Asks: 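Before I ask anything, let me first share the structure, which is written out below as structure tokens.
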Amino acid sequence: MNNLSFPQLVYKYCALIPKGKISTYKEIARALNNPGAARAVGNTLNKNPFAPLVPCHRVIRANGEVGGFASGPKRKIAILRQEGIIIKDNKIDLSKYLYEFNSKKSIKK
DNA sequence: GTGTTGACCACAG
DNA sequence: GCTGTGGCCAACA
């Protein structure tokens, strides 16, 4: 049992994504042991009380689209490009940049 | 407790 | 390829 609430875990996993890699809402949801909570994850990141602290821009949709961003998708794309990620027509190559979480070691449950 | 909303996902047509 | 529909979950009014 973790002491952290749902949003806390979301931010935590978000921060675990290494530079130059990205992840999807669904992957995070799965890391939280809630594979169906992709929507809740996105909703939580939207509130994003840790806006400048958490690299929420490294989280994209499962279909490879950048998804949305509080400051606009353009902002998100620009940051990802800075990270060294190649973006094509607002889409990212998941098979190259997708980061898989260790849902058993990354964070204690 | 119910209904609505949302940076989502998967499937069917 | 796109559109529509259903389903999932959490937060808020």
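Residue numbers begin at 1 in each chain, while the letters A, B, ... track the order of the sequences. The shown structure was predicted, so the numbers you read here are calculated from the model rather than taken from an experiment.
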Asks: To the nearest Å, how far apart are Asn90(A) CG and dA7(B) P?
Replies: 16 Å
Asks: Is the distance from OP1 or OP2 of dA7(B) to the nearest side-chain N or O of Arg61(A) less than 4.0 Å?
Replies: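 Answer is no, no contact under 4.0 Å.
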Asks: If you take all heavy atoms of Lys12(A) and Leu4(A), which pair is closest and at what distance?
Replies: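 Between these two residues, the closest heavy atoms are CD-CD1, 3.9 Å.
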Asks: Closest heavy-atom contact between Ile28(A) and Phe101(A)?
Replies: CG1-CE1, 3.7 Å
Asks: Taking CG from Leu9(A) and P from dC9(C), how many angstroms apart are they, rounded to a whole number?
Replies: 17 Å
Asks: Starting at CG of Asn48(A) and ending at P of dG6(B), how long is that distance when rounded to a whole Å?
Replies: 17 Å
Asks: Within the structure shown, what part of the strands sits under 4.0 Å from Pro7(A) by heavy-atom distance: base, sugar-phosphate, or nothing?
Replies: sugar-phosphate
Asks: When you check the phosphate oxygens OP1 and OP2 of dA10(B), does a side-chain N or O of Lys26(A) lie under 4.0 Å from one of them?
Replies: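 For dA10(B), OP1/OP2 do have a side-chain N/O of Lys26(A) under 4.0 Å.
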Asks: Is the ring centre of Tyr99(A) less than 6.0 Å from the ring centre of Tyr97(A)?
Replies: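 Centroid separation for Tyr99(A) and Tyr97(A): 6.0 Å or greater.
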Asks: Distance check, P atoms only: dA7(B) and dG7(C), in whole angstrom units.
Replies: 22 Å
Asks: Check the distance between dA7(B)'s C1' and Ile77(A)'s CD1 and give it to me in whole angstrom.
Replies: 13 Å
Asks: Specify the separation, in whole Å, of atom CD of Glu27(A) and atom C1' of dC9(B).
Replies: 13 Å
Asks: Please check this pair: side chain of Thr24(A) against backbone of Glu27(A), looking for a donor-acceptor N/O pair closer than 3.5 Å.
Replies: yes
Asks: Report the distance from atom CD1 of Ile60(A) to atom C1' of dC9(B), rounded to the nearest whole Å.
Replies: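 So the two atoms are 14 Å apart, to the nearest Å.
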Asks: Measure CG/Asn63(A) against P/dT3(C) and give the value in whole Å, please.
Replies: 13 Å
Asks: Checking contacts here: which listed nucleotide (dC9(B), dC9(C), dC12(C)) is nearest the side-chain heavy atoms of Ala38(A)?
Replies: dC9(B)
Asks: Where the side chain of Arg58(A) meets the backbone of Ile17(A), is there a donor-acceptor pair that is under 3.5 Å apart?
Replies: yes
Asks: Classify the nucleic acid contact of Ala40(A) as base, sugar-phosphate or nothing, counting any heavy atom under 4.0 Å across all strands shown.
Replies: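 Contact class for Ala40(A): base.
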Asks: Using atom CG of Asn46(A) as one end and atom P of dC12(C) as the other, report the distance to the nearest whole Å.
Replies: 11 Å
Asks: Please identify which of these residues, Asn43(A), Asn48(A), Thr44(A), Leu45(A), meets the side chain to side chain contact (heavy atoms under 4.5 Å, CB included) condition with Pro7(A).
Replies: Thr44(A)
Asks: For Asn43(A), which contact category applies under a 4.0 Å heavy-atom criterion: base, sugar-phosphate, or nothing?
Replies: base
Asks: When you get a sec, tell me which of dC12(C), dA7(B), dC9(C) is the closest nucleotide to the side chain of Tyr25(A)?
Replies: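 The closest nucleotide is dA7(B).
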Asks: Determine, step by step, whether Val66(A) and Lys91(A) satisfy the side-chain contact (heavy atoms from CB on, under 4.5 Å) criterion, reporting the C-alpha distance in whole Å, the side-chain angles of both residues, the deciding distance to 0.1 Å, and the verdict.
Replies: CA-CA 6 Å; Val66(A) 295; Lys91(A) 288 193 185 158; over 6 Å; no
Asks: All N/O contacts under 3.5 Å from nucleotides 11-13 of chain B to the protein, with atom names and distances to one decimal?
Replies:
none

Asks: Remember a base hit wins even if backbone is also touched, and classify Lys76(A) as base, sugar-phosphate or nothing at under 4.0 Å, heavy atoms.
Replies: base
